[in-house]
Enquirer: 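Quick one: this structure, given as C-alpha cells, is what I'll be asking you about.
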Amino acid sequence: MGKQIVHESIPKTFATQGNLNNHIGLPLTLLRADRDVECLVLELGTSGAGELAALCQIAKPHIGVITSIAEEHTETLHDLSGVIAAETELIAALPSEGVAIVNGDQDDLLTAVRRLARCRVVTFGERQTNPYRVTDIRVSRAGTSFSVSTPRGIREVQVKLLGSPFALASTASIAVAQECGLDLDIACEALRTAHGAARRMAVIDLPHRQLSILDDCYNANPASMRQAILTAQQVRASGERVIFVLGDMLELGAVSQQRHREVGEMLATLTPPPDMVVTVGDEARLIAVGAERAGLVAHAYVQAEKAAAFVRDTVVSYPDAQLILVKGSRGARLEEVTRRLVEQ
C-alpha cells in the first residue's frame, strides 16, 4: 500500500441519504454537499446495463467498493453474470491512481474485477487470502461483533447492526478508511455508533408486549432473504414464538418462481422451525406452499393490509414472548405490517 499519511480525525464527510442513488438522486446528493466536504460517500445503484457507467461519469469516483454480488434485478440483467457485468462498470470507471475494494470471497466477481481494473485491487472477506479478513463473527440482538485482520494489525469490532453481512460491510469501510489515511483505531471505534438505513434489519423492541420485530423490508433478493432468515434464527430466544412475514422478491424475471419456492424449501430445513409463516404477494405465495408441504403453519395474502391485520390480531392474542421477521421487496409494502404492530 506504500507509505501512508495517518489522519488523527475523521475528515468532513457527506453521504447519500436514503436511496438517492440513481441519475436523479446522485446529482441531488452532490448539490447538497457543502463546499468544504473532504470526502463524499456515494451509493450508485443499477438495475440495467450501462447505468453505473453513466453515474460514474457524474461521480468521478476514486475508490470503488463492491460489498457483494447476488441475484437481483435479473428481470433486466438476466443472470448472475449480468449482475457482475453491471456492477463492475464501477471498477472500469476508476482511474489508475484509484483503488477497487471488493469482496474477495466471490471468485466470479474477483475475476471480473481483475480483468477490468486499471488500479490497485484490495480485497476483504473471510478467506485467508484477503488482506482485510473477517473472523469470529458473533450475532446477537445487541448487534454484530467480529475480529478483523488488517495490514496494520488485528482489532475487535462491535457494530449495532444485525447480521454477518454487516461484518463484511464494516470491514470494507475499514479498508476504505485505511486507504484514505485514517487511523485504524479511529475507524474501528467509529463503527460502534454506525447505524443502518431505515428498515434494514432494524430491531424494534416492544417490551410491554414481549415483542421484538426485525424490520428488514427495505428490499429483498434471494440472498438477502436467506440471510435475514438465518439472522432471525441466530437471535431467536429459547421458548420464543417466531413468525416470518415474507413478501415478494421482485424483478427476478424468469427465475422468480423457482427462487420463491427455494425459500419455502429452506424454511423446511430450519431447526427449530418457525412457528408461523405469513406471505404477502403473488410470488411469495409459493413460499407458503413450500412451508405448508413441510408441515409448517403458513398463511398467504395478496395484499399487505390484510396480512398486517392478521399478524396484528395473532400477535395481540398471544401472551408470551414473540419474535417477528418482516422481509420483502419494497413493492410488497410490508412496512404496513410493522406499522400496525407498533401502533397496536
Side-chain angles (χ1 to χ4, degrees), residues 1-46 51-67 87-103 113 117-124 131-132 143 148 150-153 155 157-161 166-200 202 218:
M1 198 158 72
K3 187 176 180 180
Q4 182 188 54
I5 299 173
V6 176
H7 299 285
E8 297 301 328
S9 61
I10 298 174
K12 184 172 182 179
T13 305
F14 189 76
T16 300
Q17 304 297 306
N19 63 343
L20 297 177
N21 61 7
N22 61 11
H23 63 289
I24 297 173
L26 174 61
L28 287 174
T29 299
L30 295 173
L31 290 169
R32 288 172 180 170
D34 293 337
R35 290 182 178 274
D36 59 345
V37 164
E38 300 171 80
C39 182
L40 281 166
V41 181
L42 304 172
E43 180 184 5
L44 306 182
T46 180
E51 291 180 357
L52 267 186
L55 293 178
C56 286
Q57 290 182 351
I58 301 171
K60 304 293 185 185
H62 293 87
I63 298 176
V65 181
I66 300 179
T67 54
E87 295 284 355
T88 52
E89 289 174 11
L90 168 61
I91 305 303
L94 295 173
S96 59
E97 67 275 15
V99 185
I101 297 176
V102 299
N103 191 318
V113 166
R118 296 175 292 159
C119 59
R120 285 187 303 115
V121 176
V122 176
T123 67
F124 65 91
Y132 291 86
V148 59
T150 80
R152 289 181 171 77
R155 297 291 188 275
V157 181
Q158 173 76 40
V159 295
K160 295 178 182 178
L161 308 167
F166 289 115
L168 290 171
S170 297
T171 301
S173 74
I174 291 171
V176 171
Q178 291 285 275
E179 290 294 333
C180 292
L182 190 65
D183 177 80
L184 177 60
D185 290 318
I186 291 176
C188 292
E189 185 62 28
L191 285 168
R192 288 183 176 274
T193 58
H195 57 85
R199 306 194 185 284
R200 287 182 174 175
Y218 179 85

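Just so you know, these numbers use all the heavy atoms, side chains as well, and skip hydrogens, waters and symmetry mates. Residues take their numbers from the sequence shown, with the count starting at 1.
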Enquirer: Is there a donor-acceptor contact under 3.5 Å from the side chain of Thr13 to the main chain of Pro11?
Expert: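 Yes; at least one donor-acceptor contact below 3.5 Å.
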
Enquirer: How far apart are the closest heavy atoms of Leu55 and Gly45, and which atoms are they?
Expert: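 Heavy atoms of Leu55 and Gly45 come nearest at CD1-O, 3.4 Å.
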
Enquirer: Hey, does the side chain of Glu51 reach the backbone of Thr46 with a donor-acceptor pair shorter than 3.5 angstrom?
Expert: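 The answer is no, because no donor-acceptor pair under 3.5 Å joins these two groups.
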
Enquirer: Any side-chain to backbone donor/acceptor pair from Arg155 onto Asp185? Under 3.5 Å, distance only.
Expert: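 No, because the side chain of Arg155 does not come within donor-acceptor range (under 3.5 Å) of the backbone of Asp185.
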
Enquirer: Under the criterion side-chain contact (heavy atoms from CB on, under 4.5 Å), which of Val41, Asp34, Thr29 is the partner of Phe14?
Expert: Thr29

Enquirer: Got a second to check how far Thr88's OG1 is from Leu94's CG, nearest 0.5 Å?
Expert: 11.0 Å

Enquirer: Return yes if some donor-acceptor pair links the side-chain N/O of Gln178 with the main-chain N/O of Leu182 below 3.5 Å, else return no.
Expert: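 Such a contact is found between Gln178 side chain and Leu182 backbone.
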
Enquirer: OH of Tyr132 to OG1 of Thr171: how many Å apart, nearest 0.5 Å?
Expert: 10.5 Å

Enquirer: Can you spot which of Asn103, Ile91, Thr123 makes a side-chain contact (heavy atoms from CB on, under 4.5 Å) with Val113?
Expert: Ile91

Enquirer: I need the minimum non-hydrogen distance between Ala172 and Ile101, along with the two atoms involved.
Expert: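 Looking at all heavy atoms of both residues, the closest pair is O-CG2, 4.3 Å.
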
Enquirer: Looking at Arg120 and Glu179, does any basic side-chain N land under 4.0 Å from a carboxylate oxygen?
Expert: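 Between Glu179 and Arg120 there is a salt bridge, with a charged N closer than 4.0 Å to a carboxylate O.
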
Enquirer: Cationic tip of Arg199 within the cone over Tyr218's six-membered ring, i.e. under 6.0 Å and within 45° of the normal?
Expert: no

Enquirer: Would you check, one step at a time, whether the test side chain to side chain contact (heavy atoms under 4.5 Å, CB included) holds for Val157 with Val148?
Expert: CA-CA 7 Å; Val157 181; Val148 59; 3.7 Å; yes

Enquirer: Donor-acceptor check, side chain of Gln17 to backbone of Ala15, threshold 3.5 angstrom: yes or no?
Expert: yes

Enquirer: Closer than 3.5 angstrom, by distance alone: can the side chain of Thr16 be matched with the main-chain N or O of Glu43 as a donor-acceptor pair?
Expert: yes

Enquirer: Testing Leu20, Ile24, Asn19 one by one against Asn22 for a side-chain contact (heavy atoms from CB on, under 4.5 Å), which residue passes?
Expert: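 The residue from Leu20, Ile24, Asn19 that satisfies side-chain contact (heavy atoms from CB on, under 4.5 Å) with Asn22 turns out to be Ile24.
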
